[in-house]
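Model, not experiment: these values are computed from the prediction.
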Amino acid sequence: IHEALLDAIGRTGVQEVKCRAIESIGCFTTEVVTKIIQDAYENEDPSLRRSAIHAMGSSCELSWLPTILSELDNPYASMRYEVANACGAIGAQTAIPHLTHLLKDEDQQVQIATIHALESIGGRNARQVLSTYLKSADEVLVETIEESLQNLGNEDGSIDFKFDEQ
């Protein structure tokens with residue numbers, strides 16, 4: 001798989017294929033992959049930069065977090081969406097205060113991705129942020145937040161299971 005992805009990235013063919021290959025190769029932590037991700041991020045093409053952010057998240061490498069967080073105010077909603085997802089994939093508690101900014105994003109898909117990122121990160125701080133935001137969230141987001149809070153479990157780490165009785 002690694003070699004096939006490297007081959008797809010090296011080709012000068014379809015940009016969409018190259019982007020998906022960059023996103024997919026992020027889970028391989030080699031110097032070559034790190035260079036590919038860095039080069040894609042430094043490219044002027046927004047689609048390559050988005051794919052680089054996605055790959056940074058897929059790597060689960062904490063070292064990428066400052067780069068990812070530097071894109072919080074990116075003018076493209078698709079990039080902010082990738083930022084939220086990448087933060088969730090990395091799972092760093094230190095990202096939580098930064099993600100609160102994206103809960104108020106103008107784009108609802110960015111908000112939903114942020115809710116899921118906070119759920120993925122987990123912990124007391126994520127629960128507190130989601131609980132606070134629940135009080136002021138739009139009706140459309142309330143269900144997503146409630147589901148994320150349920151998936152986070154209780155303060156003691158336990159999860160309540162609810163079964164529909166028939």
*Atom of I37, atom of M56 and distance for their closest heavy-atom approach*: CG2-CG, 3.6 Å
*Please walk me through it: do I22 and Y41 pass side-chain contact (heavy atoms from CB on, under 4.5 Å)?*
CA-CA 10 Å; I22 290 169; Y41 180 71; over 6 Å; no
*asked:* On a heavy-atom basis, which atom in G122 and which in L152 lie closest, and how many Å separate them?
replied: CA-CD2, 3.3 Å
*Which atom pair, heavy atoms only, marks the closest approach of A86 to I68?*
CB-CD1, 3.8 Å
*Would you indicate whether the side-chain heavy atoms of M79 and P46 approach each other to under 4.5 Å?*
no
_N-O pairing of E31 and K35 below 4.0 Å_ = no
*So, for A84 and T114, which heavy atoms are closest and what is the spacing to 0.1 Å?*
CB-OG1, 3.6 Å
*Could you tell me whether a side-chain N or O of D107 sits under 3.5 Å from a main-chain N or O of V110, the two making a donor and an acceptor?*
yes
*NZ of K18 to CG of L48: how many Å apart, nearest 0.5 Å?*
6.0 Å
*Any donor-acceptor pair under 3.5 Å from E82 side chain to R50 backbone*: no
*To the nearest 0.5 Å, how far apart are OG in S148 and CD in E143?*
10.5 Å
*Starting from the C-alpha separation in whole Å, work towards a yes-or-no answer on side-chain contact (heavy atoms from CB on, under 4.5 Å) for C87 and H98.*
CA-CA 10 Å; C87 287; H98 302 281; over 6 Å; no
*asked:* Looking at every non-hydrogen atom in both residues, tell me the closest pair between I90 and E61 and how far apart they are.
replied: CD1-O, 3.6 Å
*Audit row: D105, Q111, side chain to side chain donor-acceptor pair (under 3.5 Å) steps and yes/no*: CA-CA 6 Å; D105 196 273; Q111 292 174 326; over 6 Å; no
*Spatial distance of atom OG (S78) from atom CZ (R49) [nearest 0.5 Å]*: 11.5 Å
*Hey, does V83 have a side-chain heavy atom less than 4.5 Å from the side chain of N74?*
no
*Given the rule in the side-chain contact (heavy atoms from CB on, under 4.5 Å) test, do E119 and I115 qualify, once you have shown the distances and angles that lead to the verdict?*
CA-CA 6 Å; E119 177 186 340; I115 291 164; 5.6 Å; no
*Does any non-hydrogen side-chain atom of S58 lie less than 4.5 Å from one of E23?*
no
_4.5 Å side-chain heavy-atom contact, W64 and T34_ = yes
*asked:* Please report the interatomic distance CG(L118) to CG(L149), rounded to the nearest 0.5 Å.
replied: 9.5 Å
*Stepwise side-chain contact (heavy atoms from CB on, under 4.5 Å) check, L99 with I121*: CA-CA 11 Å; L99 286 172; I121 294 169; 3.6 Å; yes
*Using modelled atom types only, decide if a donor and an acceptor are shared between the side chain of Y133 and the backbone of L103 within a distance under 3.5 Å.*
yes
_Check: S24 side chain, A21 main-chain N or O, donor-acceptor pair, under 3.5 Å_ = no
*Please report the C-alpha distance between H101 and D73 in whole Å, then the side-chain angles of each, then the deciding distance to 0.1 Å, and finally whether the side chain to side chain donor-acceptor pair (under 3.5 Å) criterion is met.*
CA-CA 9 Å; H101 171 71; D73 293 318; 2.7 Å; yes
_Taking every non-hydrogen atom, the tightest pair across R80 and L102_ = O-CD1, 3.9 Å
*Classify the side-chain pair D45/Q15 by whether it contains a donor and acceptor separated by less than 3.5 Å.*
yes
*Heavy-atom distance under 4.5 Å between the side chains of T94 and L69, does that happen here?*
no
_For the CD atom on E42, are there more than 12 heavy atoms of other groups (residues, nucleotides or ligands in this structure) within a distance under 6.0 Å?_
yes
*Nearest 0.5 Å, what's the CG-CD distance between N151 and E147?*
5.5 Å
